[in-house]
Amino acid sequence: MKFVRWFLGRLILALDFLTRPKPINRDQKEQDAIDALTANMSLYQFNACPFCVKIRRQFRKNALNIELRDAKNNIAFKEELTQQGGKHKVPCLRIENGPKHVTWLYDSKEINSFLKAEFELS
Ligand SMILES: N[C@@H](CCC(=O)N[C@@H](CS)C(=O)NCC(=O)O)C(=O)O
């Protein structure tokens with residue numbers, strides 16, 4: 001079972017690599033404005049999780065430079081996610097709107113809807 005899961009994970013990563021979307025090219029001013037917004041965000045994720053791959057592809061396609069945090073192998077990130085976010089489930093987008101106002105957005109569909117609304121993606 002462990003091997004099957006490992007194998008499926010590698011397959012997902014290989015398919016992702018072979019079919020990676022090309023990032024859009026914005027003018028520098030527009031990209032800087034988006035980078036300023038995404039600087040307050042980070043994605044807690046697992047490398048081979050299909051839902052995380054879906055979100056990473058969305059980042060890449062839309063040139064969203066959002067920090068990736070490995071919540072499987074990095075104990076500190078795993079604890080942050082569980083204790084501050086509320087559960088050890090990925091993907092989870094952490095959005096910091098000021099030092100005391102942090103949102104932990106779980107579920108790939110919710111994250112994609114948020115990104116579409118926030119950055120006016122098609
Ligand atoms: N419906 C969720 C499913 C997310 C999900 O099942 N994530 C798995 C990894 S693929 C997870 O976090 N499992 C918890 C764990 O392994 O500790 C989504 O679309 O984000």
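First listed ligand is number 1; within each ligand, the first listed atom is number 1. These numbers come from the heavy atoms of this one structure, side chains and all, not from hydrogens, waters or symmetry mates.
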- Can you list the ligand 1 atoms lying under 4.0 Å from a non-hydrogen atom of Cys49? 9 (C), 10 (S)
- What atoms of ligand 1 come closer than 4.0 angstrom to any heavy atom of Ser108? 18 (C), 19 (O), 20 (O)
- Item | Top protein contact for atom 16 (O) of ligand 1, by heavy-atom distance | Phe46 CE1, 3.6 Å
- Query: Taking the six-membered ring for Trp, are Phe46 and His88 ring centroids under 6.0 Å apart?
  - Reply: yes
Report the member of [options] with the shortest heavy-atom distance to [atom].
atom                    : options                     : value
atom 1 (N) of ligand 1  : Ile12, Thr82, Val53, Asp107 : Asp107
atom 17 (O) of ligand 1 : Gln45, Lys87, His88         : His88
atom 11 (C) of ligand 1 : Val90, Leu81, Ile55         : Val90

- Take Ile34 and Asn62 through the side chain to side chain contact (heavy atoms under 4.5 Å, CB included) test and state the conclusion after the steps. CA-CA 10 Å; Ile34 288 185; Asn62 295 288; over 6 Å; no
- Query: Do the side chain of Arg60 and the main chain of Pro21 share a donor and acceptor less than 3.5 angstrom apart?
  - Reply: yes
- Query: Any idea which part of Tyr106 is under 4.0 Å from ligand 1, heavy-atom wise: side chain, backbone, both or neither?
  - Reply: neither
- Flag the pair Arg69 and Glu80 as a salt bridge only when some basic side-chain nitrogen lies within less than 4.0 angstrom of an acidic carboxylate oxygen. yes
- Of all heavy-atom pairs linking Pro91 and Leu43, the shortest is CB-CD1, 4.0 Å
- Please work out whether the ring planes of Phe119 and Phe114 are parallel, tilted or perpendicular, with thresholds of 30° and 60°. perpendicular
